J.: 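My questions all concern the structure below.
Just so you know, these numbers come straight off a predicted model, no measurement behind them. The first residue in the sequence is number 1, and the count goes up from there. Atoms within each ligand, like the ligands themselves, are counted from 1 in listed order.
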Amino acid sequence: MEDQVHQRLSPDPDPHPRVLTIAGSDSGGGAGIQADLKTCQELGVFGMTALTAVTAQNSLGVHAIYPLPVETVEAQLIAVLDDMGASAVKTGMLLDSAIVRIVAKTLEERHIRRLVIDPVLYAKDGSALFRREATDSLKAELLPIAEIVTPNIPEACELLEIQPDTIRTIADMVEAARSLLDFGPRYVLLKGGHLTGGTNGSSESDEAVDVLVGAPASGLHEPILLRSPRIATRHTHGTGCTLAAAIAALLAQGRDVPSAAREAKRFVTAAIQASVPHGRGIGSLWHAAHRHISEPLAVEE
Ligand SMILES: Nc1ncnc2c1ncn2[C@@H]1O[C@H](COP(=O)(O)OP(=O)(O)O)[C@@H](O)[C@H]1O
Ligand SMILES: Cc1ncc(COP(=O)(O)O)c(N)n1
């Protein structure tokens, strides 16, 4: 079964791996399209973009959002996919239902298989990056065609329509991740950056644990827990974008999902370890960290 899964995802490793990221621009350079391109470049993959919105954003938060017309988003998708093609596609901030629908339609028509959906709903300062009216389209049109969806805990609660404090333990995370499989993605990686309680029973959260589960057809029957020590920093702007972009870049290189998720977690952990305190608020990750951190924090299963 594992061989079948591997073959489905990597019939022939692409000699020129390319990732298309469909996301918003973060003028601060730490999240969105900017984080995605830096991640692709660091992992040796050619990055291409379809912008959904321009944000005026810095370490203190999102100051303004300028959505792009849906025709502009569609034109970028068609221009890239119908000429250059993409070995993998990643989505981030999609903003509204018109954009969600055109993205789903365009990707489905082109049989994009390595699709990573980061269901970005809020920025770290709490600003909404997604209109609530679009949640149903996201669930009905985009999640069913995803290879993997990567919500954080608040996003998982919103998608599942459960109270924000319902997910408090790793067992809760596993249950929620499994419930998200009902929307149709092949895998769910539920990120634990927002888990407040300690994973060893302490009141302080001591680890950052992400939970990977797969639908029956994926061949992954038991959850995989990706654990790293929790880094004591507030400079975590762009963690989610970076993790999802790294998964897309590694899938583009022919990795299977569990191996891409493991390696992406290592990549983001190093980038958080070396995060930069630019600005007066939440600083950003340093994407080149994996090059020079000689003793990265361990990531375990
Ligand atoms: N303080 C931290 N130390 C180590 N890893 C972290 C920390 N905060 C977040 N992470 C990791 O960063 C990734 C993004 O997680 P999360 O912060 O939950 O997502 P988002 O950026 O979408 O809110 C996950 O792999 C998570 O485990
Ligand atoms: C344009 C844009 N896209 C996404 C995020 C989320 O960032 P994070 O990765 O920190 O959750 C952001 N702040 N801005």
J.: Dump the intermediate steps for side-chain hydrogen bond (donor to acceptor under 3.5 Å, both in side chains) on Ser59 and His237, then the final yes or no.
T.: CA-CA 8 Å; Ser59 72; His237 183 72; over 6 Å; no

J.: Would one find more than 12 heavy atoms of other residues, nucleotides or ligands at under 6.0 Å from atom CD of Gln163?
T.: no

J.: Say whether, by atom type as modelled, one donor and one acceptor occur between the side chain of Gln34 and the main chain of Asp26 under 3.5 angstrom.
T.: yes

J.: Report the part of Ala31 in contact with ligand 2, treating N, CA, C, O as backbone and CB onward as side chain, heavy atoms under 4.0 Å; options are side chain, backbone, both, neither.
T.: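 For Ala31, the contact with ligand 2 is made by the side chain alone.
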
J.: Determine, stepwise, if the pair Asp182 / Ser179 fulfils side-chain hydrogen bond (donor to acceptor under 3.5 Å, both in side chains).
T.: CA-CA 6 Å; Asp182 292 344; Ser179 303; 5.4 Å; no

J.: Considering only the protein, which heavy-atom contact is closest to atom 4 (C) of ligand 2, and what is its distance?
T.: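 The answer is Cys241 SG, 3.6 Å.
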
J.: Are Ile145 and Val149 connected into the same hydrophobic cluster when the rule is that any two of I, L, V, M, F, W, Y join if their side-chain heavy atoms are below 4.5 Å apart?
T.: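 Yes.
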
J.: Geometry only, no angles: is Gly238 polar-contacting ligand 2 at N/O separations under 3.5 Å?
T.: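 So ligand 2 has an N or O lying under 3.5 Å from an N or O of Gly238.
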
J.: Would you check if the side chain of Arg255 reaches a backbone N or O of Gln253 as a donor-acceptor pair within less than 3.5 Å?
T.: no

J.: Can you name the atoms of ligand 2, numbered from 1 with element, that are less than 4.0 Å from a heavy atom of Gly240?
T.: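 Contacts of ligand 2 toward Gly240, numbered from 1: 9 (O).
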
J.: Can you check whether Lys191 reaches Thr239 side chain to side chain, under 4.5 Å on heavy atoms?
T.: no

J.: Only heavy atoms of Thr239, strictly under 4.0 Å: list the atoms of ligand 2 that pass.
T.: 9 (O), 10 (O)

J.: Distance under 4.0 Å to a non-hydrogen atom of Ala123: what atoms of ligand 2 satisfy this?
T.: 13 (N)

J.: Closer than 4.0 Å to some heavy atom of Lys124 - which atoms of ligand 2 meet that?
T.: 8 (P), 10 (O), 11 (O)

J.: Would you mind checking which non-hydrogen protein atom is closest to atom 5 (C) of ligand 2, with the distance to 0.1 Å?
T.: Leu129 CD1, 3.6 Å

J.: Between Glu175 and Arg178, is there a salt bridge with N-O shorter than 4.0 Å?
T.: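 A salt bridge is absent here (no side-chain N lies under 4.0 Å from a carboxylate O).
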
J.: When you measure from the side chain of Lys124 to the backbone N and O of Thr236, does any donor-acceptor pair fall under 3.5 Å?
T.: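 Yes.
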
J.: Is there a nitrogen or oxygen of Thr55 sitting under 3.5 Å from a nitrogen or oxygen of ligand 2?
T.: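 Thr55 vs ligand 2: no N/O contact under 3.5 Å.
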
J.: Looking only at N/O atoms, are Met93 and ligand 2 under 3.5 Å apart anywhere?
T.: no

J.: Any protein N/O atoms within less than 3.5 Å of an N/O atom in ligand 1? List the atom names and distances, or say none.
T.:
unit_1: ligand 1; atom_1: 1 (N); unit_2: Ile231; atom_2: O; d: 3.0
unit_1: ligand 1; atom_1: 3 (N); unit_2: Ile231; atom_2: N; d: 2.8
unit_1: ligand 1; atom_1: 17 (O); unit_2: Thr239; atom_2: OG1; d: 3.4
unit_1: ligand 1; atom_1: 18 (O); unit_2: Gly193; atom_2: N; d: 2.9
unit_1: ligand 1; atom_1: 21 (O); unit_2: Lys124; atom_2: NZ; d: 2.8
unit_1: ligand 1; atom_1: 21 (O); unit_2: Thr239; atom_2: OG1; d: 2.7
unit_1: ligand 1; atom_1: 21 (O); unit_2: Gly240; atom_2: N; d: 2.9
unit_1: ligand 1; atom_1: 22 (O); unit_2: Asn152; atom_2: ND2; d: 3.3
unit_1: ligand 1; atom_1: 22 (O); unit_2: Lys191; atom_2: NZ; d: 2.8
unit_1: ligand 1; atom_1: 23 (O); unit_2: Asn152; atom_2: ND2; d: 2.9
unit_1: ligand 1; atom_1: 23 (O); unit_2: His194; atom_2: NE2; d: 2.7
unit_1: ligand 1; atom_1: 25 (O); unit_2: Asp210; atom_2: OD2; d: 2.5
unit_1: ligand 1; atom_1: 27 (O); unit_2: Asp210; atom_2: OD1; d: 2.8
unit_1: ligand 1; atom_1: 27 (O); unit_2: Lys265; atom_2: NZ; d: 2.9

J.: Below 4.0 Å, non-hydrogen atoms only: which portion of Ile33 touches ligand 2? Side chain, backbone, both or neither.
T.: neither

J.: Does any part of the side chain of Thr150, heavy atoms only, come nearer than 4.5 Å to the side chain of Pro119, both counted from C-beta?
T.: yes

J.: One thing to verify: whether Lys105 and Glu109 come together as a salt bridge, which I'm taking to mean a side-chain N less than 4.0 angstrom from a carboxylate O.
T.: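 Salt bridge flag = yes for Lys105 with Glu109.
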
J.: Would you mind running through ligand 2 and noting each atom that sits below 4.0 Å from a heavy atom of His237?
T.: 10 (O), 13 (N)

J.: State if Ala23 counts as touching ligand 2 under the rule of any non-hydrogen atom under 4.0 Å.
T.: no

J.: Distance under 4.0 Å to a non-hydrogen atom of Gly24: what atoms of ligand 2 satisfy this?
T.: 1 (C)

J.: Measure from the side-chain N and O atoms of Lys90 to the backbone N and O of Asp118, and report whether any donor-acceptor pair falls under 3.5 Å.
T.: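 Checked: no pair found.
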
